[in-house]
Student: 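Structure provided below as structure tokens; questions to follow.
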Number of protein chains: 2
Amino acid sequence: MSIAMRPSQALRLWQQVMLSQVRDDEPDLTMRQTAILFTIYLDPPPHTVRGLAARLNVTKPVITRALDTMGALKLVSRHRDELDKRNVLIKRTVEGALFVERFGDGIIARAHELPI
Amino acid sequence: MSIAMRPSQALRLWQQVMLSQVRDDEPDLTMRQTAILFTIYLDPPPHTVRGLAARLNVTKPVITRALDTMGALKLVSRHRDELDKRNVLIKRTVEGALFVERFGDGIIARAHELPI
DNA sequence: GCAAATTGTTTCGGTTCCGTTTCAGTTTAA
DNA sequence: TTAAACTGAAACGGAACCGAAACAATTTGC
């Protein structure tokens, strides 16, 4: 079942979620970092630098740097692939799962607050 | 009527919209820029630097710089308030209205593509 | 009239991100 | 075995952003 929503509602929802993210004193992720994080947590593993770069249509260093940043925030972790040691497998973390879960709850909460 | 949506659907929708934004070769706006742009286009005018800074809980230079960037992209415009010449009034543009409208349509399109 | 307050901008030093290029380590294939 | 291909990371210069402070222009209040 698809979600029933008009453009004006969609935009208002987007604004409210953006505002709540910005107002938080937590450092906001960039658009790219968010796309990477959500892909790691929503798409089935395994996730590699190369695979994420292809999925987002960006260069590999973009992924590497985003993983550096989000790794420091403990939102993701990296592990060398033992079967093909050229690969790095990106894994989910407890902190990252909580972050994503809270984000989803935030969307729902803003959706409920929307006017008619 | 509020929007019927489960957290997993909300997250998947967010991911898809983020991915489509990132994959576009157009320069992505930052989270703050997006929040400012949407506030200008969704909240009733007049909009001032001070007002936007208060609404987003950020400092005024953040607003000034975001307006510089989005002004160069012709997404917003600035005009000195003739009644109180200390104020700058931020106005909508045709290009900005189209951008926001397309963004809204994009959300709806991704919502329709969502799996069950 | 004139000091104080208000508004938006600029400057400062520092951080982060970008694309491109280069690199080290690993695997593949001749 | 050894050259080629592949993977992720590091190095580089440039651009954008950050918070804090200083700034010019304007209005307010005494």
Side-chain angles (χ1 to χ4, degrees), chain A residues 18-19 21-40 45-92, chain B residues 18-19 21-37 39-40 43 45-92:
Chain A
M18 286 280 173
L19 282 177
Q21 285 287 305
V22 169
R23 283 196 277 236
D24 274 354
D25 283 332
E26 302 163 27
D28 351 314
L29 299 180
T30 67
M31 197 90 76
R32 291 177 171 196
Q33 288 168 353
T34 308
I36 293 169
L37 185 71
F38 279 36
T39 297
I40 292 168
H47 297 289
T48 63
V49 173
R50 175 180 157 72
L52 290 170
R55 182 119 167 81
L56 274 76
N57 191 33
V58 296
T59 61
K60 288 192 294 177
V62 168
I63 306 296
T64 294
R65 284 184 293 245
L67 294 179
D68 289 344
T69 302
M70 294 192 291
L73 297 172
K74 296 182 190 277
L75 297 177
V76 297
S77 66
R78 280 191 270 207
H79 306 274
R80 194 55 80 168
D81 183 355
E82 285 306 317
L83 277 66
D84 183 341
K85 293 186 177 167
R86 289 173 304 183
N87 289 326
V88 163
L89 301 178
I90 296 105
K91 300 280 184 64
R92 301 167 185 170
Chain B
M18 286 280 174
L19 282 177
Q21 286 286 306
V22 169
R23 283 197 277 236
D24 274 354
D25 283 333
E26 303 163 26
D28 353 315
L29 301 180
T30 66
M31 197 91 76
R32 291 178 170 195
Q33 289 168 353
T34 308
I36 293 168
L37 185 72
T39 297
I40 293 167
D43 287 3
H47 297 289
T48 64
V49 173
R50 175 181 157 71
L52 290 170
R55 182 117 167 84
L56 273 74
N57 192 32
V58 295
T59 61
K60 289 191 293 177
V62 168
I63 306 296
T64 293
R65 284 184 291 246
L67 294 179
D68 289 343
T69 302
M70 294 193 292
L73 296 172
K74 297 182 189 273
L75 297 178
V76 298
S77 66
R78 278 189 271 208
H79 306 273
R80 199 48 85 166
D81 182 355
E82 286 306 316
L83 278 66
D84 183 342
K85 293 186 180 171
R86 291 173 302 181
N87 289 326
V88 162
L89 302 177
I90 296 106
K91 299 280 184 64
R92 302 167 186 171

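The structure displayed is predicted, hence computed values, not measured ones. In the text below, chain A, chain B and the rest are named by the order of the sequence lines, each starting its count at 1.
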Student: If I compare all heavy atoms of R32(B) with all of L56(B), which pair ends up nearest, and what's the gap?
Tutor: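 Shortest heavy-atom contact: O-CD2, 4.0 Å.
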
Student: Whole angstroms only, please: what is the CD-P distance between E82(A) and dT27(C)?
Tutor: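 These atoms are roughly 10 Å apart.
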
Student: With a 4.0 Å cutoff (strictly under), does any side-chain N or O of R32(A) reach OP1 or OP2 of dG19(C)?
Tutor: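 R32(A) to dG19(C) OP1/OP2: side-chain N or O found under 4.0 Å.
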
Student: For H47(B) and dT7(C), what is the distance between atoms NE2 and C1' respectively, to the nearest whole Å?
Tutor: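 Taking atom C1' of dT7(C) as the reference, NE2 of H47(B) is at 18 Å.
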
Student: Which nucleotide of DNA chain D is the first, and which the last, in the 5' to 3' direction, to come under 4.0 Å of a heavy atom belonging to chain B?
Tutor: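 Range of nucleotides touched by chain B: dC17(D) to dT27(D).
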
Student: Taking all non-hydrogen atoms of both residues into account, name the closest pair between M18(A) and M18(B) and its distance.
Tutor: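 Looking at all heavy atoms of both residues, the closest pair is CE-CE, 4.5 Å.
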
Student: Whole angstroms only, please: what is the CG-P distance between D81(B) and dT9(C)?
Tutor: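 Computing the D81(B):CG to dT9(C):P distance gives 13 Å.
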
Student: Which pair of non-hydrogen atoms, one from V62(B) and one from V58(B), has the smallest distance, and what is that distance?
Tutor: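 Heavy atoms only, the tightest pair is CG1-CG2, 3.9 Å.
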
Student: What residues from residues 61-70 of chain B pass a heavy-atom cutoff of under 4.0 Å to DNA chain C?
Tutor: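 Per residue number, the list reads P61(B), T64(B), R65(B).
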
Student: Between dG8(C) atom P and L89(B) atom CG, what is the distance in whole Å?
Tutor: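 Atom CG in L89(B) sits about 9 Å away from atom P in dG8(C).
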
Student: Can you check the I90(B) CD1 to dT7(C) P distance for me, whole Å?
Tutor: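 The answer, rounded to whole Å, is 13 Å.
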
Student: Rounded to whole angstroms, how far apart are CG on D84(B) and P on dA5(C)?
Tutor: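 Value for this atom pair: 17 Å.
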
Student: If you only use heavy atoms from C-beta on, which nucleotide in dT7(C), dT9(C), dT27(C) is closest to the side chain of N87(B)?
Tutor: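 Nearest to the side chain of N87(B) among the choices is dT7(C).
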
Student: Is atom CZ of R50(A) surrounded by more than 12 heavy atoms (other residues, nucleotides or ligands) closer than 6.0 Å?
Tutor: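 Not more than 12 within 6.0 Å, no.
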
Student: Taking CE from M31(A) and C1' from dT16(C), how many angstroms apart are they, rounded to a whole number?
Tutor: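 Whole-Å distance recorded here is 17 Å.
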
Student: Can you tell me the distance, in whole Å, between the NE2 atom of H79(B) and the C1' atom of dG8(C)?
Tutor: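 My rounded result for the distance is 16 Å.
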
Student: Determine whether a donor-acceptor pair (N or O, by modelled atom type, separation under 3.5 Å) exists between the side chain of R92(B) and the backbone of V76(B).
Tutor: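 No; zero donor-acceptor contacts below 3.5 Å.
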
Student: Quick check: does any side chain N or O of R23(B) sit under 3.5 Å from a backbone N or O of R55(A), one acting as donor and the other as acceptor?
Tutor: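 Between the backbone of R55(A) and the side chain of R23(B) there is a qualifying donor-acceptor contact (under 3.5 Å).
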
Student: When you measure from the side chain of R78(A) to the backbone of I90(A), do you find a donor-acceptor pair of N or O atoms at a distance under 3.5 Å?
Tutor: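 Judged by distance alone, no pair lies under 3.5 Å.
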
Student: Which atoms form the tightest heavy-atom contact between L19(A) and A35(B), and what is the distance?
Tutor: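 Closest approach of L19(A) to A35(B), heavy atoms only: CD2-CB, 4.2 Å.
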
Student: Looking at every strand, decide which applies to K85(B) at a 4.0 Å heavy-atom threshold: base, sugar-phosphate, or nothing.
Tutor: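 The residue K85(B) makes sugar-phosphate contact but no base contact.
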
Student: Under the 3.5 angstrom rule, does the side chain of H79(B) hit a backbone N or O of L89(B) as a donor-acceptor pair?
Tutor: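 Here the side-chain-to-backbone pair does not exist.
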
